[in-house]
Amino acid sequence: MEPPDFEAMNFTVEPVTGGYPLCEEWREGSEGSVFHLANIFLFLGFMGGSGFYGLIYLFTFLTLGFFCLTLWAWSDLCTTDSFLWSFALFGVCLGQVLHISYRLRSVSFDKDFQDLYNCLFKKLGVSLTHFGKIVACCEGDIHNIDQDHCFAIEGKTAIDKLSVLLSGRIRVTVNGEFLHYIYPFQFLDSPEWDSLRPSEEGVFQVTLRADNPCRYVAWRRKKLYLLFAKHRYIAKIFALVVRNDIAEKLYSLNDKAFDKAGHRYDLRLPSYCHMPGTELEKADVFLQVPVQGERTA
């Protein structure tokens, strides 16, 4: 048997040429302005906030950023993968902008509800989607009160809803004595609402009379509590705005209300709201509204 001829055999492995050229040296200049502009857009986009408008801000700048990256990758023949990914992300972000814009356009309200949202709910960060559920709970109805007509009569009108005044002015009195006014975008019955538990019933201990033609929106107690059970976030928002409204009314009352001894008290606290008129008389807490210039401390 003859020994193998190793010289005739070639075991040298030829180096395989790569599909992409090696980076043998750095480019002398920086990337073009389109590349830097794309990164600026991406940086601004990632600073977006929440909510519909925050999402529009975010995806608008991301769309511009990935569009610039697509143009930059198209100009270089060796960046096929970068071009495809940039173009795909550009399409996704553009689709998001169109989708959010359509949803934002579909969530629209009448002028009265839009003003209500801007004055009460927008500053708390409530989204238009959640506000739409609130509007749907009252079925989008606006109620009217003629001048000198009563919204509630003390001792007679049941507490069965929660209402917000949209226009006009309401005078609040007890036993014929003036307490305070209710102005637009204030609750008409927030103390009465907060003084009752969901299973309790009660009647107004104050009279609310319209000084001029008024318009208001109202939510029925049962429907509103059902909404709270489904959406805890909305329940927390209402608890916040209702109690803030009560606090403003208390400050207004404390500036004007005194008992016979000259001490300040608040008739619309829950303990007084549940107290019948005869017990109020026995408690010796008749409302005293000092005349301007004769007020005692």
Side-chain angles (χ1 to χ4, degrees), residues 110-124 131 134-135 137-138 140-196 202-221 224 237-258 264-275 277 280 287-292:
D110 295 337
K111 183 180 183 302
D112 290 325
F113 287 105
Q114 189 65 46
D115 293 340
L116 177 63
Y117 173 75
N118 293 332
C119 291
L120 281 184
F121 297 97
K122 185 177 181 180
K123 58 186 177 183
L124 299 177
F131 184 68
I134 296 172
V135 173
C137 184
C138 69
D141 293 335
I142 304 294
H143 306 275
N144 299 313
I145 308 177
D146 295 330
Q147 185 174 358
D148 294 330
H149 285 215
C150 291
F151 172 83
I153 300 176
E154 55 184 300
K156 295 183 179 180
T157 305
I159 304 171
D160 59 355
K161 56 180 177 284
L162 180 65
S163 309
V164 176
L165 186 65
L166 298 178
S167 64
R169 188 178 69 176
I170 297 291
R171 175 187 293 265
V172 182
T173 60
V174 60
N175 296 328
E177 297 287 348
F178 171 75
L179 287 181
H180 61 85
Y181 288 114
I182 297 178
Y183 296 98
F185 305 112
Q186 291 182 339
F187 285 91
L188 292 170
D189 42 12
S190 54
E192 290 77 15
W193 169 273
D194 199 58
S195 66
L196 294 179
V203 295
F204 280 81
Q205 298 300 317
V206 293
T207 296
L208 283 73
R209 185 184 301 272
D211 269 2
N212 45 38
C214 300
R215 306 171 73 241
Y216 70 95
V217 57
W219 295 270
R220 292 292 175 182
R221 285 175 61 87
L224 199 53
I237 291 297
F238 264 89
L240 180 61
V241 295
V242 166
R243 290 167 186 174
N244 180 70
D245 185 81
I246 293 174
E248 292 179 355
K249 288 182 171 66
L250 293 181
Y251 280 119
S252 175
L253 278 172
N254 289 340
D255 287 340
K256 300 178 180 179
F258 298 84
R264 291 181 177 179
Y265 79 99
D266 201 318
L267 183 68
R268 303 191 85 188
L269 287 174
S271 58
Y272 290 104
C273 285
H274 290 289
M275 189 179 297
L280 278 175
L287 181 65
Q288 302 290 331
V289 182
V291 180
Q292 188 172 2

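- Residues that satisfy the side-chain contact (heavy atoms from CB on, under 4.5 Å) test with E154, not counting sequence neighbours, are V174, N175, T207.
- Here CZ of F121 is found 10.5 Å from CZ of F113. Values are rounded to the nearest 0.5 Å.
- Using a 4.5 Å heavy-atom cutoff, the side chains of I246 and F187 are not in contact.
- Residues V206 and L179 are in side-chain contact: their nearest non-hydrogen atoms beyond the backbone lie under 4.5 Å apart.
- The side chain to side chain donor-acceptor pair (under 3.5 Å) search around R243 returns D194, not counting sequence neighbours.
- Between Y183 and L165, the closest side-chain pair of non-hydrogen atoms is not below 4.5 Å.
- Checked against side chain to side chain donor-acceptor pair (under 3.5 Å), D160 has the following partners two or more places apart in sequence or in another chain: R220.
- Side-chain atoms of V172 and K249, non-hydrogen and from C-beta on, never get closer than 4.5 Å to each other.
- Across D112, D110, D146, a single residue satisfies salt bridge (charged side-chain N to carboxylate O under 4.0 Å, His left out) together with R215, and that is D112.
- At least one side-chain heavy atom of L224 sits under 4.5 Å from a side-chain heavy atom of C137.
- For the side-chain contact (heavy atoms from CB on, under 4.5 Å) test, residues two or more places apart in sequence or in another chain that qualify with L124 are V126, I237, L240, V241.
- By the side-chain contact (heavy atoms from CB on, under 4.5 Å) test, S163 pairs with F151, K161, L188, D189, Y216, A218, sequence neighbours left out.
- Judged as a side-chain contact (heavy atoms from CB on, under 4.5 Å), and not counting sequence neighbours, the contacts of D211 are R169, R171, Y181.
- The salt bridge (Lys or Arg N to Asp or Glu O under 4.0 Å) test applied to D115 returns K111, not counting sequence neighbours.
- Evaluation of the side chain to side chain donor-acceptor pair (under 3.5 Å) rule for D148 yields no partner, not counting sequence neighbours.
- Residues I153 and F204 have side chains not in contact (no heavy-atom distance under 4.5 Å, counting atoms from C-beta outward).
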request  = Decide yes or no on side chain to side chain contact (heavy atoms under 4.5 Å, CB included) for F238 and I134, but give the supporting numbers first.
outcome  = CA-CA 10 Å; F238 264 89; I134 296 172; 3.8 Å; yes
